[in-house]
Amino acid sequence: MSFTRRNLLVLAAAIGIAAGPATAYAADVLNVGAYPTNPPFEYKNESGTFEGFEVDIVNEAAKRIGMTTDIADLGFQALFAAVSSNRIDVAISSITITPERLKTLSFTQPYYDSDMGIATKTDSAISKEADLKGKVVGVLSGSTGETWVKNHQAADGFSDVKGYDTQQNLLLDLSAGRVDAAVSDIPGMQYSFKKMKDLVVKERIKTGEQYGLMMSKDHPLLGKLNDALTAMKKDGTLAAIHKKWFGTDAPADSSTVKALRAEAAALARHRLH
């Protein structure tokens with residue numbers, strides 16, 4: 001069978017069409033949602049660009065699967081709806097992997113271990129959980145801190161629970177005395193307290209929380225991003241990102257260092273009380 005010039009042009013066009021999706025996929029954008037005032041995990045710098053521990057993680061993971069990122073500014077609660085509706089592919093913002101969230105959402109393997117803490121003004125008489133009886137406790141709405149406080153409100157006798165749309169507003173009200181204590185993730189609070197010298201974490205609440213990239217249920221990129229995180233742990237990239245943002249080496253047995261098979265591995269250690 002002989003090929004005419006027309007045959008060759010048709011063949012070349014077919015090859016180009018076949019190659020097109022692969023080329024487009026390599027240049028695809030991973031749409032990410034982030035809460036903009038959550039340092040050192042993510043925040044906006046003076047130029048309006050996102051920076052932070054989780055920003056570096058998602059940027060590197062996307063790069064390893066041949067994608068770039070476009071990070072949108074969203075409130076913490078809005079992240080869940082944006083992921084569920086597929087308006088974004090990934091949500092970052094120190095989001096804890098929990099059994100309840102796994103019913104409707106997916107997570108990569110965890111990359112950071114955390115606990116919650118009770119924070120007050122430095123001169124407050126509150127020093128432990130038992131001292132919160134009759135007190136007003138502030139939380140970030142939609143967070144695991146809110147879950148913990150509401151689960152303990154009746155037993156511990158908190159007089160009221162106030163929810164906030166941002167961590168910054170929560171801590172400003174704590175500093176101003178509009179709430180007696182705040183319950184939130186320790187790393188984020190301690191980072192803020194470098195500047196807010198009148199606030200301090202009084203008690204650590206051992207929860208065994210772990211953070212992962214949150215995605216819609218069975219998102220097609222979940223496996224690829226999970227594999228990218230595994231590679232980042234094995235070659236030391238994730239540990240280096242931890243050192244950059246926290247100034248210390250990640251514990252050798254932490255999820256920052258240890259590669260885990262799937263999100264279920266996090267729940268084997270997760271104990272949210």
Side-chain angles (χ1 to χ4, degrees), residues 32-43 52-55 73-84 88 90-107 110-120 129 132 135-154 156 158 160-175 178-193 196 199 201-215 255 263 266-267 269-273:
V32 179
Y35 171 55
T37 53
N38 186 36
F41 293 94
E42 45 275 315
Y43 63 94
F53 174 68
E54 289 181 299
V55 175
D73 178 338
L74 294 172
F76 186 77
Q77 287 183 297
L79 291 171
F80 296 85
V83 165
S84 297
I88 58 174
V90 174
I92 56 173
S93 287
S94 52
I95 304 174
T96 301
I97 304 167
T98 70
E100 188 63 29
R101 288 170 178 169
L102 284 172
K103 291 177 182 178
T104 56
L105 299 163
S106 290
F107 283 84
Y111 47 72
Y112 190 84
D113 302 338
S114 179
D115 287 320
M116 287 188 294
I118 297 170
T120 71
E129 182 181 337
L132 295 177
K135 305 299 183 183
V136 179
V137 182
V139 296
L140 178 63
S141 296
S143 69
T144 51
E146 180 182 47
T147 301
W148 184 91
V149 168
K150 288 187 174 180
N151 286 344
H152 287 72
Q153 183 174 10
D156 288 347
F158 311 147
D160 192 17
V161 177
K162 293 185 67 174
Y164 291 83
D165 58 348
T166 70
Q167 179 100 322
Q168 182 180 20
N169 287 341
L170 165 60
L171 297 180
L172 285 173
D173 263 17
L174 178 61
S175 181
R178 286 186 279 271
V179 294
D180 299 302
V183 173
S184 191
D185 298 328
I186 286 179
M189 290 198 296
Q190 287 182 329
Y191 187 87
S192 297
F193 296 168
M196 304 178 78
L199 302 179
V201 174
K202 292 287 186 71
E203 183 176 26
R204 178 178 289 267
I205 302 170
K206 286 285 189 179
T207 59
E209 292 186 62
Q210 295 181 309
Y211 305 154
L213 302 180
M214 186 172 73
M215 308 177 75
S255 64
E263 59 196 16
L267 296 177
R269 291 179 54 196
H270 182 75
R271 296 293 182 270
L272 185 59
H273 299 296

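- The CD atom of E54 lies 7.5 Å from the CG atom of L213; values are rounded to the nearest 0.5 Å.
- Residues L74 and I88 share a closest heavy-atom pair of CD1-CD1, 4.2 Å.
- In this structure, CD on E209 lies 4.5 Å from CE on M116, to the nearest 0.5 angstrom.
- The two residues G33 and L79 make their nearest non-hydrogen contact at C-CD2, 3.4 Å.
- A search for side chain to side chain contact (heavy atoms under 4.5 Å, CB included) contacts involving S141 returns Q77, E146, not counting sequence neighbours.
- Nearest heavy-atom pair across S114 and T207 is O-OG1, 3.7 Å.
- Contact of the D160 side chain with the V137 side chain is not registered, since no non-hydrogen atoms from C-beta on lie closer than 4.5 Å.
- At least one side-chain heavy atom of T96 sits less than 4.5 Å from a side-chain heavy atom of T144.
- Ring geometry, H152 versus W148: the interplanar angle falls under 30°, so the pair is classed parallel (tilted spans 30 to 60°).
- What you find for G117 and V201 is that their closest heavy atoms are CA-CG1, 4.2 Å.
- Between the side chains of S184 and Q167, a donor-acceptor pair is found at a separation under 3.5 Å.
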| query | Please walk me through it: do T98 and E100 pass side chain to side chain donor-acceptor pair (under 3.5 Å)? | reply | CA-CA 5 Å; T98 70; E100 188 63 29; over 6 Å; no
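- P36 approaches D73 most closely through the heavy-atom pair CG-OD1, 3.2 Å.
- Taking the six-membered ring for Trp, F41 and Y211 have ring centres closer than 6.0 Å.
- Y43 and N38 are not linked by any side-chain donor-acceptor pair at a separation below 3.5 angstrom, with hydrogens and angles left out of the test.
- With hydrogens and angles left out, the side-chain atoms of N169 and D173 include no donor and acceptor closer than 3.5 Å.
- Note: L140 CG to M189 CE = 11.0 Å, rounded to the nearest 0.5 Å.
- Side-chain contact check for M215 versus F107: every heavy-atom pair is 4.5 Å or farther apart.
- When side chains are defined from C-beta on, Y164 does not count as touching V139, because their heavy atoms never get closer than 4.5 Å.
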| Please walk me through it: do D156 and E129 pass side chain to side chain contact (heavy atoms under 4.5 Å, CB included)? | CA-CA 8 Å; D156 288 347; E129 182 181 337; 2.5 Å; yes
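- The minimum heavy-atom distance between A91 and V83, with the atom names listed, is CB-CG2, 3.6 Å.
- The residue from L171, L170, T166 that alone fulfils the side chain to side chain contact (heavy atoms under 4.5 Å, CB included) condition with Q168 is T166.
- Side-chain atoms of S192 come within 3.5 Å of backbone atoms of G188 as a donor-acceptor pair (strictly under, hydrogens ignored).
- Counting heavy atoms from C-beta outward, Y111 and F53 have side chains that approach closer than 4.5 Å.
- Among residues at least two apart or in separate chains, there is no salt bridge (charged side-chain N to carboxylate O under 4.0 Å, His left out) pair with a member in residues 179-189.
- Considering only heavy atoms from C-beta on, V136 stays 4.5 Å or farther from F158 through its side chain.
- Here the CD1 atom belonging to I205 is positioned 9.0 Å from the CG atom belonging to D115, to the nearest 0.5 angstrom.
- Of the inter-residue distances, the one linking I118 atom CD1 with R204 atom CZ reads 12.0 Å to the nearest 0.5 angstrom.
- A donor-acceptor distance shorter than 3.5 angstrom exists from the side chain of S143 to the backbone of G145, with no hydrogens or angles considered.
- A 4.5 Å side-chain heavy-atom check between S94 and Y112 finds every atom pair outside the cut-off.
- Atoms CD and OH, from E42 and Y35 in turn, are 9.5 Å apart once rounded to the nearest 0.5 Å.
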